[in-house]
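In this text, all values refer to a predicted model and were calculated from it rather than measured experimentally. Labels below follow one simple rule: chain letters A, B, ... track the order of the sequence lines, proteins then strands, and each chain is numbered from 1.
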Amino acid sequence: MGNVCASDNKHSKGDDKPSQQPGAKPARVPKPVDPMPFETHFGAAIVPASLYPQHLRVYAPKQPIDAGTFEERFLGVREVSRDGNCFYAAFIYGASEFIAANPADARSDAIVDAFAAPTTLSACGTA
Amino acid sequence: MRHRVDLVPLFALFQTARDGPAALSAALPAFIQGGLYDAIKFLRLALADRLRAHADDVTPFLPDAYAGDLEGFLEGEVLRMDVSADSLQIYHLSALFPFGVRVTRVDGLREESFPDGLAPDAPAVRLLHTPGHFELLYAR
């Protein structure tokens, strides 16, 4: 399994940096901004299974996909940002969706409790 | 090293989610702007802690590039905010939370469950693994 989902955030090395004159003030470091606005962290809508194979060709032109079986088994796909955090973001999104679909289920409480577990929090030094 | 992450927005999202899918959708933009990266960082830290606690079990399965160097693996593959997860991370993260993961590989559409033997009705996120990337997948 490949483990990088940041392929669209590459920058050229060095050649886009302005030269700095001796004695000049260091360039102001701009405040970090989120490079991925809402729509690209999680797709606003589910891409229907009937369209997904075509969609996939944009990102992975050589990747084979059995379009018929895919459409038969799945409703569709919600895109997740290709910023390297795709798995973790999807995990959080999935947990939230489960709670939304099962608000009174004890397992929803268990999920929330796990994120708040004191052992985990202290181990991480989490505030 | 101590890390500080703010989980208040995540818990607010969970609380809002109890009002249903529409409420969740409405709350997501604010969460993404103000809490998503902290929540991701929290998962990475919790996972790193879990892997350290199970070092004897984990170390033999590290990728060749890390050959027994668990701390190097954590620094390069778990705690870095721009590197996604592989089977080792998915297995241990799903063991840490009462929430499983079902991964369908786009090539062949075969499914793998984390942890092994995940019950069919267990809470889980379903993911489609495409080369180097995961998307959320919805079954019929």
Side-chain angles (χ1 to χ4, degrees), chain A residues 1-7 9 34 38 41-42 46 56 59-60 63-66 69-70 72-80 82-105 107-108 110-112 114-116 120-121 123-127, chain B residues 2-7 10-11 13-14 17-21 23-24 28-29 32-33 36-37 39-40 42-46 49 77 80-87 89-90 93 96-99 101 106-109 123-140:
Chain A
M1 184 193 301
N3 65 348
V4 175
C5 53
S7 58
N9 278 334
D34 184 350
F38 169 62
H41 273 298
F42 303 108
I46 293 174
L56 180 63
Y59 298 100
Q63 181 64 48
I65 181 170
D66 181 342
T69 303
F70 187 79
E72 191 178 297
R73 286 176 53 190
F74 302 107
L75 282 172
V77 168
R78 188 185 299 279
E79 294 174 276
V80 182
R82 292 174 179 266
D83 65 353
N85 293 305
C86 50
F87 167 73
Y88 301 95
F91 190 84
I92 291 164
Y93 193 101
S96 304
E97 275 194 321
F98 182 85
I99 294 168
N102 306 278
D105 193 314
R107 294 174 298 178
S108 292
I111 291 168
V112 177
F115 276 87
T120 304
L121 292 174
C124 295
T126 305
Chain B
R2 288 183 64 80
H3 300 270
R4 296 179 70 83
V5 294
D6 180 7
L7 289 184
L10 177 66
F11 289 119
L13 182 76
F14 285 161
R18 292 183 185 277
D19 293 332
L24 173 61
L28 272 169
I32 288 167
Q33 291 299 325
L36 176 62
Y37 277 106
I40 289 169
F42 170 78
L43 288 182
R44 290 179 179 278
L45 289 165
D49 194 55
E77 304 290 333
R80 266 185 58 174
M81 285 295 281
D82 61 351
V83 179
S84 189
D86 214 327
S87 295
Q89 292 95 307
I90 297 171
L93 195 74
L96 195 56
F97 292 92
F99 195 69
V101 180
V106 73
D107 185 3
L109 299 179
V125 61
R126 189 181 293 276
L127 303 176
L128 179 67
H129 179 245
T130 63
H133 186 57
F134 293 95
E135 312 270 31
L136 287 148
L137 181 63
Y138 297 87
R140 289 197 180 277

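- Once rounded to the nearest 0.5 Å, the distance linking CG of B/L128 with CD1 of A/I65 reads 6.5 Å.
- Here the side chains of A/E72 and B/L109 are not in contact, with every heavy-atom distance at 4.5 Å or above.
- Residue A/N85 holds its CG atom at 4.5 Å from CE of B/M81, rounded to the nearest 0.5 Å.
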* Can you check side-chain contact (heavy atoms from CB on, under 4.5 Å) on B/F42 and A/I92, steps first, answer last? -> CA-CA 11 Å; B/F42 170 78; A/I92 291 164; over 6 Å; no

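- Looking only at side-chain heavy atoms (C-beta outward), A/F91 and B/F99 come within less than 4.5 Å of each other.
- In this structure, the ring of A/F115 has its center no less than 6.0 angstrom from the ring center of B/F11.
- Note that CZ of A/R82 is 5.0 Å distant from OG1 of B/T130, once rounded to the nearest 0.5 Å.
- The contact between A/I46 and chain B is made entirely by side chain atoms (from C-beta outward), counting heavy-atom distances below 4.5 Å.
- The shortest non-hydrogen separation linking B/P131 to A/Q63 is CG-OE1, 2.9 Å.
- For A/R73, the parts lying under 4.5 angstrom from a heavy atom of chain B are both the backbone and the side chain.
- Of all non-hydrogen atoms in B/L136 and A/G94, the two that sit nearest each other are CD2-N, 4.5 Å.
- Expressed to the nearest 0.5 Å, how far CG of B/D82 lies from CG of A/D83 amounts to 8.5 Å.
- For B/I40, the parts lying under 4.5 angstrom from a heavy atom of chain A are both the backbone and the side chain.
- When all heavy atoms of A/C86 and B/S84 are compared, the closest pair comes out as SG-OG, 3.2 Å.
- Between A/L75 and B/A139, the shortest heavy-atom contact is CD1-O, 3.5 Å.
- Listed for the B/E135 side chain is no donor-acceptor partner under 3.5 Å among the backbone atoms of A/V77.
- In this structure, the side chains of B/D19 and A/P103 stay at 4.5 Å or more apart for every pair of heavy atoms.
- The shortest distance between side-chain heavy atoms of A/F74 and B/R140 does not fall below 4.5 Å.
- Summarising the geometry, atom CD1 belonging to A/I111 is positioned 10.5 Å from atom CZ belonging to B/F97; distances are rounded to the nearest 0.5 Å.
- With chain B as partner, the option from A/P64, A/G76, A/A110 having the largest number of non-hydrogen pairs under 4.5 angstrom is A/G76.
- Counting heavy-atom pairs closer than 4.5 Å to chain B, the top residue among A/S96, A/A101, A/S108, A/A60 is A/S96.
- Here A/F87 and B/H133 keep their ring centres 6.0 angstrom or further from each other.
- A/Y93 contributes atom OH, which lies 13.0 Å from atom CG of B/L127 (distance to the nearest 0.5 angstrom).
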